[in-house]
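As the structure lists them, so they are numbered: ligands from 1, and atoms in each ligand from 1. Residue numbers count from 1 along this sequence.
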Amino acid sequence: MPAGKPAGVRCIQLTEDNRCRLFGKPERPSVCTQFQAALDMCGEGRVEALINLSRLEKLTANKDPSH
Ligand code: SF4
């Protein structure tokens, strides 16, 4: 994604069966290539991983400083 992938937005490189179209290709972003799966982040499967990811996105979301 040219300007980076915003939080909460599905990556345009993700196929319908949740595979990366860029896997193994040099144009795959380095942040993706360097990511190491870990139990505390990924849990036991997709549902647990999405719950953990949603929690992290909420914790790191930009907050309006006027509130
Ligand atoms: S590994 Fe990176 S490029 Fe591939 S689908 Fe996931 S976020 Fe997109």
Side-chain angles (χ1 to χ4, degrees):
M1 301 172 86
K5 190 192 85 51
V9 174
R10 185 177 172 87
C11 180
I12 59 172
Q13 303 300 343
L14 203 54
T15 64
E16 285 192 22
D17 61 348
N18 298 319
R19 295 176 187 270
C20 177
R21 287 186 180 90
L22 301 180
F23 191 83
K25 297 183 177 177
E27 59 268 37
R28 189 175 184 222
S30 61
V31 67
C32 303
T33 304
Q34 293 170 16
F35 178 78
Q36 296 289 309
L39 190 60
D40 61 347
M41 176 65 202
C42 304
E44 297 290 341
R46 183 175 181 274
V47 171
E48 199 173 335
L50 287 171
I51 291 168
N52 289 339
L53 187 57
S54 294
R55 185 181 305 125
L56 285 172
E57 285 179 346
K58 284 180 188 155
L59 288 171
T60 60
N62 287 334
K63 305 267 192 273
D64 183 343
S66 65
H67 291 105

**Message:** To check you understand the geometry: which heavy-atom pair defines the closest contact between Cys20 and Leu14, and what is its length?
**Reply:** N-CD1, 4.4 Å
**atom 6 (Fe) of ligand 1 touched by protein heavy atom at under 4.0 Å** = no
**Request:** Please determine if atom 8 (Fe) of ligand 1 has an N/O/S atom from Cys11 lying under 2.8 Å away.
**Result:** yes
**Message:** Under 4.0 Å from a heavy atom of Leu14: which atoms of ligand 1 are those, numbered in the order shown and with their elements?
**Reply:** 5 (S)
**Ligand-side contact atoms (ligand 1) for residue partner Pro29, heavy atom cut-off under 4.0 Å** = 3 (S)
**Asked** Hey, is atom 2 (Fe) of ligand 1 within less than 2.8 Å of some N/O/S atom on Cys32?
**Response** yes
**Item:** ligand 1 atoms in contact with Arg28 (distance to a heavy atom under 4.0 Å)
**Value:** 1 (S)
**Prompt:** Taking C-beta and beyond as the side chain, do Asn18 and Arg10 meet within less than 4.5 Å on heavy atoms?
**Reply:** yes
**Fill in**
min-distance protein heavy atom vs atom 4 (Fe) of ligand 1 -> Cys20 SG, 2.3 Å
**Prompt:** How far apart are the closest heavy atoms of Leu39 and Glu44, and which atoms are they?
**Reply:** CD1-OE2, 3.7 Å
**Item:** Shortest non-hydrogen separation from Asn52 to Asp40 and the atoms involved
**Value:** ND2-O, 3.5 Å
**Message:** Which heavy atom of Cys11 sits nearest to which heavy atom of Met1, and what is that distance?
**Reply:** CA-SD, 3.9 Å
**Interatomic distance, Thr33 atom OG1 to Lys25 atom NZ [nearest 0.5 angstrom]** = 13.0 Å
